[in-house]
**Q** 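Take this structure first; my questions come after.
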Amino acid sequence: MQQTAHLAGFFAAHGIWNVSDGGALIPMLGHEAADGQRGMMRFAGGDIADGARAGREVLESNPDGAARAVLVVDAYLHLPAGRVDALMVDAVEYGPRPVSLKIAVPYRPQSSGFAVHRPKVLQVVGVPEGDHPALFEAFFAGVDAHEPAAAVWNAYLDESV
């Protein structure tokens with residue numbers, strides 16, 4: 001599952017890089033084959049919700065037989081302080097016993113002074129709690145692996161939220 005968490009971090013960073021200039025994120029699905037080959041699909045057309053639904057269908061059906069995949073969509077996260085913009089990151093490692101990870105990466109849009117906030121773990125399925133710290137390390141290693149996006153993430157990091 002660490003490879004999947006790494007992939008999730010990489011594509012979460014790519015999403016942050018995309019929204020840092022004020023544009024909307026077109027829902028995207030990053031996938032990786034067992035041999036390490038990566039690909040990405042965007043789900044444009046209609047509205048963002050249609051794209052998110054189409055991405056979810058591909059994530060759930062895995063038509064290309066990927067070893068792991070990550071869906072990143074722009075949405076809202078409800079926190080005690082109120083509603084914030086966030087990238088929702090759904091990562092799945094396929095197999096006989098699928099495991100999954102859901103993380104939200106809150107951010108402040110460019111129109112309000114762009115900032116990236118601490119990721120929030122929403123759900124981990126199929127991974128013992130004692131292994132969670134290694135997953136989060138792998139997630140942040142994935143963020144750092146996307147060098148141009150990591151530069152934006154780190155330059156605009158605001159851990160107050």
**Q** Is it true that Ile16 and Met88 fall in one hydrophobic cluster, defined by side-chain heavy atoms closer than 4.5 Å?
**A** no
**Q** Identify whether Val73 and Phe11 are in the same connected component of the hydrophobic contact network (ILVMFWY, side-chain heavy atoms under 4.5 Å).
**A** no
**Q** In Å and rounded to the nearest 0.5 Å, what is the CG to CG distance from Asp144 to Asn154?
**A** 6.0 Å
**Q** Return the NE2 to CD distance between His117 and Glu159, rounded to the nearest 0.5 Å.
**A** 10.5 Å
**Q** Under the 3.5 angstrom rule, does the side chain of His6 hit a backbone N or O of Ala138 as a donor-acceptor pair?
**A** no
**Q** Within the structure provided, determine whether Arg68 and Asn62 are in side-chain contact (heavy-atom separation under 4.5 Å).
**A** no
**Q** For Leu7 versus Gly30, what's the shortest heavy-atom pair and its separation?
**A** CD2-O, 4.1 Å
**Q** May I ask you to test the Val19-Pro109 pair for a side-chain heavy-atom distance under 4.5 Å?
**A** no
**Q** Closest heavy-atom contact between Ala115 and Asp158?
**A** CB-CB, 3.9 Å
**Q** Which pair of non-hydrogen atoms, one from Ala52 and one from Pro27, has the smallest distance, and what is that distance?
**A** N-CG, 3.6 Å
**Q** Ala12 and Val89: which non-hydrogen atoms are nearest, and at how many Å?
**A** CB-CG2, 3.8 Å
**Q** Between Met1 and Leu59, is there shared hydrophobic-cluster membership here, with clusters defined by ILVMFWY side-chain heavy atoms closer than 4.5 Å?
**A** no
**Q** Between Val99 and Gly126, which heavy-atom pair has the shortest distance, and what is it?
**A** CG1-O, 3.3 Å
**Q** Mind checking the CG-OG1 spacing from Leu101 to Thr4? Nearest 0.5 Å is all I need.
**A** 8.5 Å
**Q** Side-chain heavy atoms under 4.5 angstrom apart, residues restricted to Ile, Leu, Val, Met, Phe, Trp, Tyr: same cluster for Tyr107 and Val105?
**A** yes
**Q** Between Val124 and His132, does a side chain to side chain contact (heavy atoms under 4.5 Å, CB included) hold up when you go through it step by step?
**A** CA-CA 8 Å; Val124 179; His132 290 188; 3.4 Å; yes
**Q** Once ring pair (Phe, Tyr, Trp, His ring centres under 6.0 Å) is applied, do any residues pair with Trp17, and if so which ones, sequence neighbours excluded?
**A** His14, His146
**Q** What distance separates Phe136 CZ from Gln2 CD, expressed to the nearest 0.5 Å?
**A** 11.5 Å
**Q** Could you pull out the closest heavy-atom pair between Asn18 and Asp21, with the gap in Å?
**A** O-OD1, 3.0 Å
**Q** Side chains of Leu77 and Leu122: closer than 4.5 Å at any heavy-atom pair?
**A** yes
**Q** Does the plane of the ring in Trp153 sit parallel, tilted or perpendicular to the ring in Phe140? Use 30° and 60° as the thresholds.
**A** perpendicular
**Q** What pairs of residues pass the ring-ring contact (aromatic ring centres under 6.0 Å, His included) test when at least one of them lies in residues 23-80, not counting sequence neighbours?
**A** none
**Q** Taking the side chain as every heavy atom from C-beta outward, state whether Val70 and Leu29 have any atom pair closer than 4.5 Å.
**A** no
**Q** Determine whether Tyr156 and Val161 fall in the same hydrophobic cluster, where Ile, Leu, Val, Met, Phe, Trp and Tyr are linked whenever their side-chain heavy atoms lie under 4.5 Å apart.
**A** no
**Q** Quick one: does Gln123's side chain have a donor or acceptor within less than 3.5 Å of a partner on Lys102's backbone?
**A** no
**Q** Main chain of Ala66, side chain of Asp64: is a donor-acceptor contact present, judged purely on distance under 3.5 Å?
**A** no
